[in-house]
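This chain uses plain numbering: 1 for the first residue, then up along the sequence. Values reported hereafter were calculated over all heavy atoms of this structure, with side chains retained and with hydrogens, waters and symmetry mates removed.
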Amino acid sequence: MVHIANVPAVSDEIIVQFPKDHVLLLKFNRPKSLNAMTPQMVDDLKKMLDWFENEPSLWVVIFTGSGRAFCAGADLKAWNTNEQSGKPMSPESIVINTNGFASISRRESKKPFIAAVNGHSFGGGTELVLNCDLVVASKDAKFGLPEVKRGVVAIQGGIPRLARIAGHQLASELLLLGNPVTAQDARNRFGFVNVVVPPSDVLSAALDLASQIISNSPDSVQSTKVGLLLTYKHNNEETVAIHSHAPATAGYMFGDNIKEGLKAFNEVRVWCAQI
């Protein structure tokens with residue numbers, strides 16, 4: 001295993017693991033509350049993901065939940081306390097929080113995010129899933145954006161992402177009705193789940209995807225992820241121009257991995273990452 005130093009300290013509401021080289025696993029750990037997000041969890045996740053982004057030995061992060069749920073969204077008891085005490089969420093606080101719900105749902109990372117959805121995912125939990133690059137779901141999992149049933153709005157990035165992925169009518173079905181959908185429908189109809197597996201296989205399937213990613217050049221993967229993110233903001237020509245000059249692209253063009261990859265191809269041998 002690659003030695004990893006200076007791992008941030010977090011509370012017991014987040015479990016931090018390194019299941020294999022180059023892979024970070026973050027597990028939401030409030031199973032009795034269906035892993036509903038608390039301010040402490042959000043602080044822990046922000047700390048870990050800020051560190052992950054700048055840790056060169058880590059290339060992929062997997063999110064999963066403890067117990068029978070993935071994430072039930074925000075802790076509505078804490079939210080209610082804030083509302084009743086005259087501390088409502090303000091437009092400014094939403095805009096300023098550029099990482100979104102759980103420090104994930106609007107975070108723009110150059111490294112791949114994988115969601116290992118072990119159980120039900122509602123509200124902000126589904127919004128953060130929609131910001132993951134690959135999604136593995138238990139066949140028993142359900143996804144929902146029930147905000148309209150609670151007088152709130154899925155405002156942490158889920159609306160535009162779902163509309164782009166599923167199209168206006170299907171996004172409207174999920175958002176305006178507020179009803180949950182199965183993992184199979186999330187894959188086959190709505191298009192935001194990649195793989196549906198038995199409950200016992202969720203984490204192993206996510207780790208398999210991570211293994212396939214880390215078998216590739218980290219420079220190329222990160223430049224490609226940056227290119228994907230740029231397509232949300234720019235047209236084709238603008239994306240190509242900006243992507244070509246992005247720091248992540250310069251890293252792959254002038255780094256050791258491109259030399260090794262091309263050399264391995266010409267020598268008909270297995271490519272070996274240059275870290």
Side-chain angles (χ1 to χ4, degrees), residues 1-79 81-82 93 97-138 141 143 156-158 199 202-207 209-210 213-214:
M1 292 287 288
V2 174
H3 175 69
I4 301 174
N6 302 316
V7 180
V10 296
S11 74
D12 60 5
E13 294 187 357
I14 297 291
I15 296 174
V16 178
Q17 296 176 332
F18 303 96
K20 60 193 317 168
D21 285 350
H22 311 304
V23 178
L24 169 65
L25 174 64
L26 296 177
K27 183 179 288 188
F28 313 139
N29 191 41
R30 296 184 69 227
K32 293 181 179 178
S33 300
L34 304 181
N35 299 317
M37 283 287 155
T38 65
Q40 180 63 61
M41 291 175 79
V42 175
D43 288 346
D44 289 341
L45 287 165
K46 183 180 187 307
K47 187 186 302 182
M48 286 303 307
L49 291 170
D50 287 349
W51 170 77
F52 163 77
E53 191 69 20
N54 295 298
E55 172 50 55
S57 68
L58 292 173
W59 303 351
V60 181
V61 60
I62 299 173
F63 304 107
T64 195
S66 298
R68 61 190 179 91
F70 175 73
C71 176
D75 186 328
L76 295 184
K77 291 182 179 179
W79 195 347
T81 299
N82 288 339
S93 67
N97 178 21
T98 55
N99 292 323
F101 179 80
S103 198
I104 299 170
S105 71
R106 285 161 46 214
R107 181 179 284 265
E108 295 186 355
S109 173
K110 65 185 178 182
K111 299 180 181 182
F113 288 0
I114 299 176
V117 185
N118 56 297
H120 295 347
S121 176
F122 295 120
T126 296
E127 290 198 83
L128 73 85
V129 166
L130 289 165
N131 196 37
C132 289
D133 305 293
L134 295 167
V135 181
V136 177
S138 163
F143 296 85
Q156 292 288 3
V202 170
L203 188 54
S204 61
L207 284 167
L209 292 176
I213 291 173
I214 64 176

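Not counting sequence neighbours, Phe52 has no partner by the ring-ring contact (aromatic ring centres under 6.0 Å, His included) test. Contacts of Leu34 classified as side-chain contact (heavy atoms from CB on, under 4.5 Å), with partners at least two apart in sequence or in another chain: Arg68, Ala69, Ala72. Annotation: side-chain contact (heavy atoms from CB on, under 4.5 Å) contacts of Glu13 (sequence neighbours excluded): Ser11, Arg30, Thr38, Gln40, Met41. Residues meeting the ring-ring contact (aromatic ring centres under 6.0 Å, His included) test with Phe101, sequence neighbours left out: none.
The shortest non-hydrogen separation linking Ile214 to Val23 is CD1-CG2, 4.2 Å. The heavy-atom pair separating Gln156 from Ser105 by the smallest distance is O-OG, 2.7 Å. The two atoms that bring Leu207 and Pro19 nearest to each other are CD2-CG, 3.6 Å, heavy atoms only. Contact detail for Ala137 and Phe143: the closest heavy-atom pair is CB-CZ, 3.9 Å. For Ser66 against Lys27, the heavy-atom pair with the smallest separation is OG-CD, 3.1 Å.
A donor-acceptor pair under 3.5 Å links the side-chain atoms of Lys111 to the main chain of Leu58, judged by distance alone. Asp75 places no side-chain N or O within donor-acceptor distance of the main-chain N or O of Ala36, the cut-off being under 3.5 Å. Panel note: side chain Trp59, backbone Ile213; no donor-acceptor pair is recorded below 3.5 Å. Within the 3.5 Å criterion, the main-chain N or O of Thr126 finds a donor-acceptor partner in the side chain of Ser121. In this structure, Asn131 contributes its side chain and Arg107 its backbone to a donor-acceptor pair below 3.5 Å.
Contact annotation: the side chain of Ser109 never approaches that of Leu49 to less than 4.5 Å [non-hydrogen atoms, C-beta and beyond]. Counting heavy atoms from C-beta outward, Asn118 and Ser138 have side chains that stay 4.5 Å or more apart. Within the 4.5 Å cutoff, the side chain of Leu128 has heavy atoms near those of the Phe70 side chain. Here the side chains of Cys132 and Leu130 are not in contact, with every heavy-atom distance at 4.5 Å or above.
For the pairing with Ser57, the side-chain contact (heavy atoms from CB on, under 4.5 Å) check across Leu24, Asp21, Ile4 returns one residue only, Ile4. When each of Ile62, Val16, Ile15 is paired with Leu25, the side-chain contact (heavy atoms from CB on, under 4.5 Å) condition holds for Ile62 and for no other.
Note: Ile104 CD1 to Leu26 CG = 7.5 Å, rounded to the nearest 0.5 Å. The CG atom of Asn6 sits 8.0 Å away from the CD atom of Glu55 when rounded to the nearest 0.5 Å. The OG atom of Ser103 sits 9.0 Å away from atom CG of Asp43, with the distance rounded to the nearest 0.5 Å.
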| task | Kindly indicate, with the supporting measurements, whether the criterion salt bridge (charged side-chain N to carboxylate O under 4.0 Å, His left out) is fulfilled by Asp50 and Lys46. | result | CA-CA 6 Å; Asp50 287 349; Lys46 183 180 187 307; 2.6 Å; yes
For Ile14 and Phe28: C-alpha separation, side-chain torsions, deciding distance, then whether side chain to side chain contact (heavy atoms under 4.5 Å, CB included) applies. CA-CA 5 Å; Ile14 297 291; Phe28 313 139; 4.1 Å; yes
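For residues 114-137, the pairs satisfying salt bridge (charged side-chain N to carboxylate O under 4.0 Å, His left out) are Asp133-Lys225, with sequence neighbours left out. Pairs engaging residues 107-127 under the ring pair (Phe, Tyr, Trp, His ring centres under 6.0 Å) rule: Phe63-Phe113, His120-Phe122 [sequence neighbours left out].
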